[in-house]
Amino acid sequence: MRSFFNKIKNAVTYFLWESKKPFFLVFFIIIFFSAVFSVMQVFTMYDDTGDFFKKYDSAGFISRYDSEKIDLTFKNDGRMIIRKIGSFDLDFDKVSFVDQYYLGEYRIIFPGDFNEYFEREYFDVKNNFINNVLVSENETGQTVLVVKEKDIFAADISRGKNELTFYLKEPKEIYDKVIVLDPGHGGMDFGVNDGKEMEKDITLKICQRIERMFDENDKVKIYLTRKFDDYIKEEERAFFANEYADLFLSIHLCSDNQYHYSDTTKIIIFEDDITEFDISPKKCADILKDNILKYTDFSGAEILNEYKMEFKDMKVPAVFCELGYSKKYADLNDFVYKAALGIYEGMKEAILN
């Protein structure tokens, strides 16, 4: 046994001291461990998104994504905090917002192309307010955050030099009053069709004009039951109003029959046992009548208290305007503007005073 170990000892001694192999062996060991270390560092520098050097700074440098980036933080109370990290040029005062409630989303529009500053293109949020956020680009090359909501919310915005807070809340938490504005008819329901202009198109133009007039009013929020030429069932319009509105206002045109408009103007209400709201349909109708006559060329208007099928499922105060329309206006745009202005001024006075 002793001779066996002596043979091993002599072989090792010869290999390490008398042959030329130790130099090559040490060299090989150094190369091998250097390669293993390098591979381990590469895996360390990648995270689960596949971003290289995203969080790696152990080699004495800080990655681009740590030194210059736009960071998104999501809170369970509805806040999304957008924070600029670094010295790149981003002015949060120039960031704009579009509420596309009819698509269930908000769009946050940056003043330029900032896509490269976001860690990734898709954020899977899934809290009580937001499903996800997509970083995209619009047709003019601006970066857009598409915020997919879980319901219809309003946004409370606060801005700082390097931080913007986008706070989703219930609409009535932000606005004094919420009006669901209903462009009558739509889709396969044409309304009056005199061979030139269809009622469904005119009522949509009037309501879109009113909505734009309220854009600068931070006390009133307008939701349209339809933004496009869509067919919406009466019960769907009522459900939308009952869910969000302090007042439901439906716009129609008065007619003698299906093919002929009338210049008679009617404002229709139905006083029932709705008492928990502080808006009186009768008061609203009176003020609307005065302002519509003030800003239009209508010769007169009447207020009617009568039941309509549209009132059947309504649980909020509701007013129906059937506007007179004749060819005495310069053109359709002239009629749309005057009708919208009268309703806008009347609504402001009725619900804010």
Side-chain angles (χ1 to χ4, degrees), residues 78 96-108 129-131 146-157 166-187 189 200-252 269 274 276-279 281 284 288 310-311 313-321 336 339-352:
S96 59
F97 304 85
V98 179
D99 183 3
Q100 294 186 312
Y101 55 90
Y102 47 92
L103 298 176
E105 64 186 39
Y106 249 99
R107 291 187 170 239
I108 304 173
F129 296 84
I130 300 173
N131 278 320
V146 181
V147 182
K148 282 290 185 181
E149 305 168 278
K150 286 202 167 179
D151 199 350
I152 292 180
F153 295 108
D156 191 6
I157 312 297
F166 178 80
Y167 198 168
L168 290 177
K169 299 180 180 180
E170 296 292 337
K172 292 182 181 180
E173 292 184 65
I174 296 179
Y175 297 97
D176 291 350
K177 291 292 184 291
V178 178
I179 300 173
V180 168
L181 193 57
D182 175 45
H185 308 284
D189 180 9
K200 65 173 184 175
D201 298 328
I202 300 175
T203 58
L204 181 59
K205 289 179 180 180
I206 292 171
C207 290
Q208 288 173 333
R209 193 67 176 260
I210 296 170
E211 184 183 32
R212 290 198 297 271
M213 290 176 176
F214 272 108
D215 277 348
E216 301 303 318
N217 192 313
D218 58 4
K219 294 184 177 181
V220 179
K221 180 64 176 178
I222 301 291
Y223 291 122
L224 300 189
T225 56
R226 64 181 180 97
K227 293 282 286 188
F228 309 101
D229 184 18
D230 299 321
Y231 174 72
I232 310 293
K233 295 179 180 179
E234 291 174 4
E235 55 266 31
E236 292 176 321
R237 300 176 199 240
F239 177 83
F240 188 27
N242 295 338
E243 192 75 13
Y244 302 104
D246 295 298
L247 176 72
F248 176 81
L249 177 61
S250 189
I251 306 300
H252 295 258
I269 60 173
I274 297 177
E276 66 267 29
F277 293 86
D278 59 359
I279 295 178
C284 187
L288 271 174
E310 290 87 345
F311 288 119
D313 299 314
M314 202 66 63
K315 297 178 182 178
V316 298
V319 177
F320 284 73
C321 287
V336 167
L341 182 60
I343 295 170
Y344 166 72
E345 293 293 344
M347 294 309 303
K348 278 200 310 180
E349 183 180 345
I351 66 177
L352 294 179

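In this structure the side chain of M347 reaches within 4.5 angstrom of the side chain of L288, judged on heavy atoms. Between F320 and E310, the closest side-chain pair of non-hydrogen atoms falls below 4.5 Å. At a threshold of 4.5 Å between non-hydrogen side-chain atoms, the residues V316 and L247 do not count as touching. Counting heavy atoms from C-beta on, the side chains of E105 and V146 come closer than 4.5 Å. Between F214 and E216 there is no side-chain heavy-atom pair separated by less than 4.5 Å.
Summarising the geometry, atom CZ belonging to R212 is positioned 11.5 Å from atom SG belonging to C207; distances are rounded to the nearest 0.5 Å. Summarising the geometry, atom NZ belonging to K148 is positioned 8.5 Å from atom CD belonging to Q100; distances are rounded to the nearest 0.5 Å. Considering CD of Q208 and CD1 of I222, their distance stands at 13.0 Å, rounded to 0.5 Å. Within the model, atoms CG of L249 and CG of L181 stand 5.5 Å from one another, a figure rounded to the nearest 0.5 Å. Interatomic distance, L168 CG to I174 CD1, rounded to the nearest 0.5 Å: 8.0 Å.
No donor-acceptor pair closer than 3.5 Å links the side chain of E243 to the backbone N or O of F240. When atom types are taken as modelled, the side chain of E149 and the backbone of N131 share no donor-acceptor pair closer than 3.5 angstrom. A donor-acceptor pair is defined here as one N or O able to donate and one able to accept, closer than 3.5 Å; no such pair exists between the side chain of Y101 and the backbone of D151. Side chain of T203 to backbone of G184: a donor-acceptor contact under 3.5 angstrom is found. With hydrogens and angles disregarded, a donor-acceptor distance shorter than 3.5 Å links the side chain of E173 to the backbone of E170.
Within 6.0 Å of the CZ atom in F239, the count of heavy atoms belonging to other residues, nucleotides or ligands does not exceed 12. Counting non-hydrogen atoms of other residues, nucleotides and ligands closer than 6.0 Å to NZ of K205 gives a total of 12 or fewer.
Closest non-hydrogen pair, M314 versus A241, comes out as SD-CB, 3.8 Å. Scanning both residues, A154 and P171, for their nearest heavy atoms gives CB-CA, 3.8 Å. Contact between L224 and K227 at its shortest, heavy atoms only, is CD1-CD, 3.8 Å. Listed here is the closest heavy atom pair of A340 and I206: CB-O, 3.9 Å. Shortest non-hydrogen contact noted between F228 and R226 is O-NH1, 2.9 Å.
Of the candidates D182, L204, I343, I202, I343 is the only one forming a side-chain contact (heavy atoms from CB on, under 4.5 Å) with I251. In summary, of the residues considered (K315, K219, K177, K172), a salt bridge (Lys or Arg N to Asp or Glu O under 4.0 Å) with D246 occurs for K172 alone. With F248 as the partner, the side-chain contact (heavy atoms from CB on, under 4.5 Å) test is satisfied by one option alone out of I179, V319, T225, N242: T225.
Ring pair F166/Y106 is perpendicular by interplanar angle, where above 60° counts as perpendicular and below 30° as parallel.
A donor-acceptor contact closer than 3.5 angstrom is absent between the side chains of Y344 and N217.
The pair K200-D189 does not count as a salt bridge, with every side-chain nitrogen at least 4.0 angstrom from each carboxylate oxygen. The pair K221-D99 counts as a salt bridge, with a side-chain nitrogen and a carboxylate oxygen less than 4.0 angstrom apart. Note on R237 versus E234: no salt bridge recorded, every NZ/NE/NH1/NH2 to OD/OE distance being 4.0 Å or above.
Y167 is linked by a ring-ring contact (aromatic ring centres under 6.0 Å, His included) to nothing, counting only residues two or more places apart in sequence or in another chain.
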- [ ] Would you check, one step at a time, whether the test salt bridge (Lys or Arg N to Asp or Glu O under 4.0 Å) holds for E211 with R209?
- [x] CA-CA 5 Å; E211 184 183 32; R209 193 67 176 260; over 6 Å; no
Task: Stepwise side chain to side chain contact (heavy atoms under 4.5 Å, CB included) test for F97 and I157 - done: CA-CA 9 Å; F97 304 85; I157 312 297; 3.7 Å; yes
Task: Evaluation steps, side chain to side chain contact (heavy atoms under 4.5 Å, CB included), between D176 and V220 - done: CA-CA 6 Å; D176 291 350; V220 179; over 6 Å; no
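Remark: aromatic rings of Y102 and Y223 are distant, center separation not under 6.0 Å.
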